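Below is one structure, written out as structure tokens; the observations come after it.
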2 protein chains.
Amino acid sequence: MKLALIEDDLLLSDTVSDILSAEGFEIFPFFSFDNAETALYEERFDMVVLDVNLPDGNGFDLAKAMRRNAIGTPILFLTSQSSAEAVALGFESGGDDYLKKPFEPAELIARLKNLTRRSFFHTSSSFIPFGKHYLFDPLSQKIMTAEGNVITLHAKELSLLKLFLLKSTEIVTYEEFFEELWGIGNEPGFDALRAHIKNLRKALPHLEIETIRSLGYRLA
Amino acid sequence: MKLALIEDDLLLSDTVSDILSAEGFEIFPFFSFDNAETALYEERFDMVVLDVNLPDGNGFDLAKAMRRNAIGTPILFLTSQSSAEAVALGFESGGDDYLKKPFEPAELIARLKNLTRRSFFHTSSSFIPFGKHYLFDPLSQKIMTAEGNVITLHAKELSLLKLFLLKSTEIVTYEEFFEELWGIGNEPGFDALRAHIKNLRKALPHLEIETIRSLGYRLA
DNA sequence: ATATGAAATTAACATTGACTTAACCCATCT
DNA sequence: AGATGGGTTAAGTCAATGTTAATTTCATAT
């Protein structure tokens, strides 16, 4: 997690560096507008912490310039300009968060973590782990593997999986499958269910679906 | 822009309602945990402003419950709990921003607009990068490519794109398209939507619009 | 009013892809 | 061995979507 820290106060820059390094951020400090600008165009950072009052320029202008150049890196303004107008200007310049000095280190950390989360997933969502190898994302309705791959299931397979997750490790009977996936009166042949179970097993090889003869299926 | 305001202090609730109504938000006030929770599950809001100390429950818990139920609506905590620990807890609960009381109305407005991203489309002068190849210029309402070309979209395609950008990578359902682009009662045939999607894809070839069969579309 | 051109909508056609089905195979139990 | 149930495969079907072009609508100027 590479973080560009643009702050001309040497003492404060040092303090913030220490705090954030301890949290696992890799800090790249800059002390002037010009130095920061060239670096931002050349290198990719995951996050920018930006002071507004720089000796040779304005932080808002730097943010605007970045956005104009299609650099979408999240920006947190860290500044003593505490008026609501300054905050508004910060957001309008393309900033993603705004923290007033003086600040508590824990709050800076919390806000930075919030920004990384938003930029990575674009939206906060809770994932449901299952089968020791998989995560279910309710928002996108997709599966993520332990290796980081994303699996998109077909509608019927998805419904199958959801029913399994709902029932935990209980046996799910044939009747329950038909009722849940098709509804009474629309049941296809038994072959269809077998085919979907087969497809789900193929799509999620590490998921153990146990066969209960002449009754149903269940998760191991 | 429907905003759920969950705040038990009647006076403050009224004040905030006035401030935000003047900014064009449609305010739905709730004064208790329970009332808010049932409403949030039944209705879709674009934004939630949430007090932490409610008479019959905790705002952090409400946020957690929402996220657990895959409700991704942006949440701004508005509270007198000003410790850094409380801020951190707010973000961990699934909050998207945190503003301490007492606050300046202009700052609340600025932060809310930042959360919606819609504000960018109307008021801000900053460019919005999207799809790795494009920049959206809210002022001219035009697209700029990485190569420096300018693309002018038709009105309907523009609205489509804005809706996509607003929803980030969430699925946008057919109903949402119709509601947002035409309004209830003025919906054209389904063919129209398909045609516009097709035109947008043609106009922005590098933008990956994923089709979710018999549900809607979403950005990759 | 009328004509014009651009954009939105509709209609028709082509293509895709998910679901179902049927046939076949293998394992297990009596 | 025969019967039964489940796994596997592949082909068929139909609805959903992509695509193109014609038609309608709308805004604007004449």
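Per chain, numbering begins at 1; letters A, B, ... match sequence-line order. Being a predicted model, the structure only gives us computed values, none of them experimental.
Comment: Lys142(A) engages Glu210(B) in a salt bridge, judged by a side-chain N to carboxylate O separation of less than 4.0 angstrom. Using a 4.0 Å cut-off between charged nitrogen and carboxylate oxygen, Glu180(B) and Lys167(B) do not count as a salt-bridge pair.
Residues satisfying the ring-ring contact (aromatic ring centres under 6.0 Å, His included) test with Phe28(A), not counting sequence neighbours, are Phe45(A). Here Lys198(B) pairs with nothing under the salt bridge (Lys or Arg N to Asp or Glu O under 4.0 Å) rule; sequence neighbours left out. Under the salt bridge (Lys or Arg N to Asp or Glu O under 4.0 Å) criterion, Arg213(B) pairs with no residue, sequence neighbours left out.
Regarding contacts with the backbone of dT20(C), a side-chain N or O of His196(A) is found under 4.0 angstrom from either OP1 or OP2. In terms of phosphate contacts, Trp182(B) brings a side-chain nitrogen or oxygen within less than 4.0 Å of OP1 or OP2 of dT9(C).
Regarding Leu193(B), its CG atom lies at a distance of 19 Å from the P atom of dA7(C), rounded to whole Å. Between the CG atom of Leu200(A) and the C1' atom of dC19(C) there is a distance of 15 Å, rounded to whole Å.
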List, one per line, each side-chain donor-acceptor pair under 3.5 Å for residues 153-160 of chain A, sequence neighbours excluded.
| unit_1 | atom_1 | unit_2 | atom_2 | d |
| --- | --- | --- | --- | --- |
| His154(A) | ND1 | Glu157(A) | OE2 | 3.3 |
| Glu157(A) | OE1 | His154(A) | N | 3.4 |
| Ser159(A) | OG | Ala155(A) | O | 3.0 |

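Residues from residues 151-164 of chain A that place a heavy atom under 4.0 Å from any atom of DNA chain C, listed by number: His154(A), Ala155(A), Lys156(A).
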Apply the test side-chain contact (heavy atoms from CB on, under 4.5 Å) to residues Leu3(A) and Leu112(A): give CA-CA distance (whole Å), side-chain angles for both, the deciding distance (0.1 Å), then the verdict.
CA-CA 10 Å; Leu3(A) 186 149; Leu112(A) 284 178; 3.8 Å; yes
Please produce a list of atom pairs where a protein N or O lies less than 3.5 Å from an N or O of nucleotides 4-11 of chain D.
| unit_1 | atom_1 | unit_2 | atom_2 | d |
| --- | --- | --- | --- | --- |
| dG6(D) | OP1 | Tyr174(A) | OH | 2.4 |
| dG6(D) | OP1 | Ser214(A) | N | 2.4 |
| dG7(D) | OP1 | Arg201(A) | NH1 | 2.8 |
| dG7(D) | OP1 | Thr211(A) | OG1 | 2.9 |
| dG7(D) | OP2 | Tyr217(A) | OH | 2.8 |
| dG7(D) | N7 | Arg194(A) | NE | 3.1 |
| dG7(D) | N7 | Arg194(A) | NH2 | 2.7 |
| dG7(D) | O6 | Arg194(A) | NH2 | 2.1 |
| dT9(D) | OP2 | Lys198(A) | NZ | 3.4 |

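Minimum interatomic distance between Ser17(B) and Ile27(B) (heavy atoms only, all atoms of both residues): OG-CG2, 3.5 Å.
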